[in-house]
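Let me begin by presenting the structure, written as structure tokens, before commenting on it.
Numbers restart at 1 for each chain; the letters A, B, ... are given by sequence-line order, proteins then strands.
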Number of protein chains: 2
Amino acid sequence: MKIEKTLIYLDPDSSLNLQSQIRQKLVEAIMLGSFPPGRKLPSSRKLADQLGVARNTVVLVYQQLIDEEYLVSRERSGIYVNEKIMEGRVGFEGKTEKNNTRNSEWDRRFKGSLVTEKEFAAPPNWQQYPFPFIDGQFDNSLYPVKEWREASRLALGVREINQWAGETGDADDPMLVEEIRTKILPRRGIQAGPDEILVTVGTQHALYLVCQLLVDASVSVAVEEPGYPPMRQLLAQRGAALVHQPVDKEGMIVDDNLNPCQLVCVTPSHQTPTAVTMSMARREALIKKSIEYDQLIIEDDFEFESNYLGHPHPALKSIDTENRVLYMSCLSKVLSPGLRLGFLVAAPEVIAEARKLSRLMVRHPPLNNQRTAAFFLSLGYYDTFLLHLHETFEQRWIALRRAVNYYMLPYVEITPAQGGTALWIKISKDINMKFLVQEAAKRGVLIEPMEHYYAASKVSENCFRMGVTSIPADRIREGVDQLRDLIHDLTTHEIESFDNAEGSQLLGDELLATMANSIMLTPVAYGEPCSIEIYGDGSLVGKAGYANEDCDIGKWWVEGDQWYRQWTRWAWGDVGVYRVIMDGEIFKLFDEKGRLIDQGVLKKMEDAL
Amino acid sequence: MKIEKTLIYLDPDSSLNLQSQIRQKLVEAIMLGSFPPGRKLPSSRKLADQLGVARNTVVLVYQQLIDEEYLVSRERSGIYVNEKIMEGRVGFEGKTEKNNTRNSEWDRRFKGSLVTEKEFAAPPNWQQYPFPFIDGQFDNSLYPVKEWREASRLALGVREINQWAGETGDADDPMLVEEIRTKILPRRGIQAGPDEILVTVGTQHALYLVCQLLVDASVSVAVEEPGYPPMRQLLAQRGAALVHQPVDKEGMIVDDNLNPCQLVCVTPSHQTPTAVTMSMARREALIKKSIEYDQLIIEDDFEFESNYLGHPHPALKSIDTENRVLYMSCLSKVLSPGLRLGFLVAAPEVIAEARKLSRLMVRHPPLNNQRTAAFFLSLGYYDTFLLHLHETFEQRWIALRRAVNYYMLPYVEITPAQGGTALWIKISKDINMKFLVQEAAKRGVLIEPMEHYYAASKVSENCFRMGVTSIPADRIREGVDQLRDLIHDLTTHEIESFDNAEGSQLLGDELLATMANSIMLTPVAYGEPCSIEIYGDGSLVGKAGYANEDCDIGKWWVEGDQWYRQWTRWAWGDVGVYRVIMDGEIFKLFDEKGRLIDQGVLKKMEDAL
């Protein structure tokens, strides 16, 4: 009997070796009935010839399957499919066709079917786009493959399997709880006992548990506006009355609108989606109010520890003296969202109740993953990878901020943020966001529109988000340049180009004389001041930030009617070539294509002092 | 500086090698602040001396930690903790003590706190009991360690990690869905498309989803009595009206009491907890009724494919022509309950709705486990291990049935079952079950009381359950013997002993003459008839079962006043020594300790024909 080559196709790119592939395909063929039980299989020599592999490879596969009683070898006859292996299979004989005419009937059976909120989803093939500025997509190149494999290997030791394979009832892995308690929580300033920690199937599970426990139609809940749509959906499902509390530069606003709420949901470390870090003053005000009005606080600390521009703030939970904060976080940033491991930290009474409910829902998160993560933590890999991620994302985030500042300054406004992995960008209200997102995608640039973060109410601002979790640092500049081109094309009627700019161009000697010994005063895109000192000797000194945190030096010169500028670090150290138009005290720099690069006030040094 | 030996204790029994242990302990010491950042570590020579390990072991640990920037090496100075590694940690400074006086306040905040039903829990150290007859505890010795490791290794390939690490939204691993569809469901006669399958965090998760979707206070639901307590708890939580439907020898009774129900929950393959397999006639009646009364059926197929005494019945789902059955099962029997992988098979409309809800609860079951299980299935290990488990449990189950029949015949009644992993045993109502369970545990025998399987209503029978999932076959006989001793002691006032038996003992020649050429007619403990033909030539022929499925031969003789009997297979081939008392036509066999072993009718062969 001949096995069709198409039946056993060996894939040279497979992660399985030849032996495993042949095994996999043979098993499939047997299960699909291509080899009925009792049917003789081709000899190892024949099969090896057909597949073009060494005979020994096939012999080993056959031998393994015989050892496992999948196949049987009959002396002087050959190798057969063991009839036992198919025993217990019921088969489809006599099965009548399904009557599928009742489909519409289901609706009346569902008790409160879920309404899925509109949500943005990155295209499934987002990895094929050259500039995927989408946040939260996991960058596989950052996965700690070797270390996770080591932790997996340890968790697969026989002694370990004895620990996690059995039914433990509702207990979490005590080793993981201890690692969370001693290695993760102290980073956020949180002290908690084992009875104050519940391991969950990701943060979503923790949110669900808390909503089931604490929310019903009698409860009024404050949520951030804009905010995380699944949070609103969970609360809506429970029938809660929602108070949509706006977010400003210090995070969610704490005012009298919160007073009637029994529950307040916040994302203080980096607000979802604006990435704003809640100020310490705001945090203290929130805790104070929670005591005054007897409120509980849900703190979702998804994006912790990524304040590149300042010290991290302690979690709300760490300044909570009355156990009013229910804190949740996850291991997804380091260990991938696919793993689904999160945790809830709250008063023992809450944890006990959440544990009962979790047991009824899922019993507990898979224990093999709990133990593997515990080993990963105990070997210190969590710390080193967090450091690595922090450095990688910081580099990308700063690169994004610089590129947006350089290319898009006249077109956008960036909400100030201390860090995180995304920028929240406001743009002219005249631009149709849906069109922008679609057109950008055509040019290979993925950005995330923001409407779905707002509750049904009116969206006052035209915003999008650019994230860095999925794009390598060396692609960021070009991606922003591409996006700028698009935005430039869409806004020519309102943002000046060289051709339609007001004022008059500085030419030749006048250009040289005007620039020498003057100071450019400009804001940067993220709202901080910047000054550029242009000395007569051809040197430049640039100072940015409220305390001049970011300085650089460079040189400048004039050739023909164009101003040349080259920084040591800023603007990637490139030579910039600009035409300069003065409009009263206002200077405007245009690049070779006539696009506005920068504008601000130009003063002579002696006047500026 | 000296590291205390107690700080780094090397455990010779650890599954971690020395290098990993030293790494783990060093990281712990750093995190706990025993080595503050910037503090110099002992030299590798010094630490190796203190720990009594090769210097190279310590050098390798240090080098790895330096590579990962955990430690830094400063030339001509030594090795230090990298200050960066502790950056981002907030610390506990200034943290005020928690005010924990509000504990009782929580109750008013919980919206419908769960009432945990009384449940039996095996002692946590059950593995240390010599005779753990508890069902459902996973026997680690049966875990497919090597094969699971291989599947894990494959799922940890870089290409695979790219598949599962990212955020997939709500999709399950398509490879696992395909394996369930083609390898598991056909065994139960079920044909389903990918849109009819949802992967869940164990069966419990599937039950929870279905209850959330289909049940509220307006719905009347039939459940089995006795039945699975968490099912009742889930339904109660949704406010459903419950109809407790009794179970007989053919499974849940299908009668007019079901008519008003919109939903019927059943465990047809082996009823939980009685292990009864629902007959085909009953299955068909149930499906017929569901069509007549427009009902849905939840089929929990936890213990599939373990009918040792007959062919497996197809799942209800496989004879369901109108998509009325919601079928759920899991991979726990082979892959351990700790892994938490189950699945739901139902109409596409139900799956779509359940997927939305699951997304809101947990997003999806961990994708690394989904992919690992998919490889395990695709390599055929699931089939071979199911076969292995089937054989192992069959051997144990038959051994338990035989031992109960031999030792406990006069004391108990066994509910007939086709297989499964447990026996459901009825005992005299005078025995206090709680006392029996406690006393048995003192003798090393763990059995499971059954009250918690009954809803609040009266428990009409005094039952316990003996399971074989956790006890090796060679312990079963002794465990049953031990339990018999205890039951004997507790029932001497009602079950006859030799000393208080009615009738008169057969002695010497009279014994010989009475036994020769007669037939013993007895029932076995599981309700089937048994006859023993006692020939004058000293031979025995035993026939058990309705169609004499189980036969054996043996020999018998008389020494003094005792009857000797030895089977080839039955009663383990041991020589049995009995005193015989006749009470009219009734014979009674007593062992050397005077305990009743068997009783029945004794007839002369010529009369019996």
Side-chain angles (χ1 to χ4, degrees), chain A residues 15 23-24 27 31 68 70 85 88-90 96 99 106 109-111 114 116 138 140 143 149 152 156-157 159 161-162 164-167 183 187-189 201-202 204-205 208 213-214 216 305 312 314 321-322 336-340 349 353 356 361-363 366-369 378-380 383-384, chain B residues 15 23-24 27 31 68 70 85 88-90 96 99 106 109-111 114 116 138 140 143 149 152 156-157 159 161-162 164-167 183 187-189 201-202 204-205 208 213-214 216 305 312 314 321-322 336-340 349 353 356 361-363 366-369 378-380 383-384:
Chain A
S15 50
R23 181 192 164 100
Q24 200 179 40
V27 165
M31 284 299 147
E68 291 165 10
Y70 222 103
I85 205 75
R89 287 174 74 102
V90 170
T96 37
N99 170 0
W106 283 106
R109 298 185 190 275
F110 294 136
K111 307 301 165 188
L114 285 174
T116 314
F138 192 76
N140 296 315
Y143 196 78
R149 279 186 192 150
S152 296
L156 288 169
R159 246 173 47 153
I161 290 178
N162 284 348
W164 60 253
E167 190 48 75
K183 295 228 172 65
R187 290 183 164 273
R188 310 293 295 126
V201 185
Q204 188 69 31
H205 186 204
Y208 187 91
L213 286 181
L214 301 175
D216 67 10
E305 291 177 86
T321 54
E322 293 197 352
S336 95
L339 207 68
R340 315 278 339 117
E349 295 87 345
E353 207 63 23
K356 278 198 276 177
M361 285 171 65
V362 298
R363 291 201 181 269
L367 291 166
N368 66 328
N369 280 349
S378 82
L379 291 168
D383 305 289
T384 53
Chain B
S15 50
R23 183 193 161 99
Q24 199 180 39
V27 165
M31 283 299 147
E68 292 164 9
Y70 220 104
I85 205 74
R89 289 175 74 100
V90 170
T96 38
N99 170 2
W106 283 105
R109 298 187 190 272
F110 293 136
K111 306 300 165 187
L114 285 174
T116 313
F138 192 76
N140 296 315
Y143 195 78
R149 279 185 193 151
S152 296
L156 288 170
R159 246 172 48 150
I161 290 177
N162 284 348
W164 60 252
E167 189 49 77
K183 296 229 170 67
R187 290 184 165 272
R188 309 294 296 123
V201 185
Q204 188 69 31
H205 185 205
Y208 187 90
L213 287 182
L214 302 175
D216 66 11
E305 291 176 84
T321 55
E322 295 197 349
S336 97
L339 208 65
R340 313 283 333 116
E349 294 88 344
E353 207 64 23
K356 279 198 275 177
M361 283 170 67
V362 298
R363 292 201 179 268
L367 291 167
N368 65 328
N369 280 349
S378 83
L379 291 169
D383 305 290
T384 53

Under a 4.5 Å cutoff for heavy-atom pairs, which residue among Gly380(B), Gly202(B), Ser152(B) has the most contacts with chain A?
Gly380(B)
If I compare all heavy atoms of Lys183(B) with all of Val27(A), which pair ends up nearest, and what's the gap?
CE-CG1, 3.6 Å
Minimum-distance pair of heavy atoms, taken over all atoms of Arg340(A) and Val362(B):
NE-O, 2.9 Å
Tell me, do Pro366(B) and Pro366(A) make a side-chain contact under 4.5 Å, heavy atoms counted?
yes
With rounding to the nearest 0.5 angstrom, report the CG to OG distance, Asn368(A) to Ser336(B).
7.0 Å
Heavy-atom pairs under 4.5 Å with chain B are the metric here; pick the option from Arg159(A), His205(A), Met361(A) that has the most.
Met361(A)
Is chain A contacted by the side chain of Ser378(B), its backbone, both, or neither, given a heavy-atom distance below 4.5 Å?
both
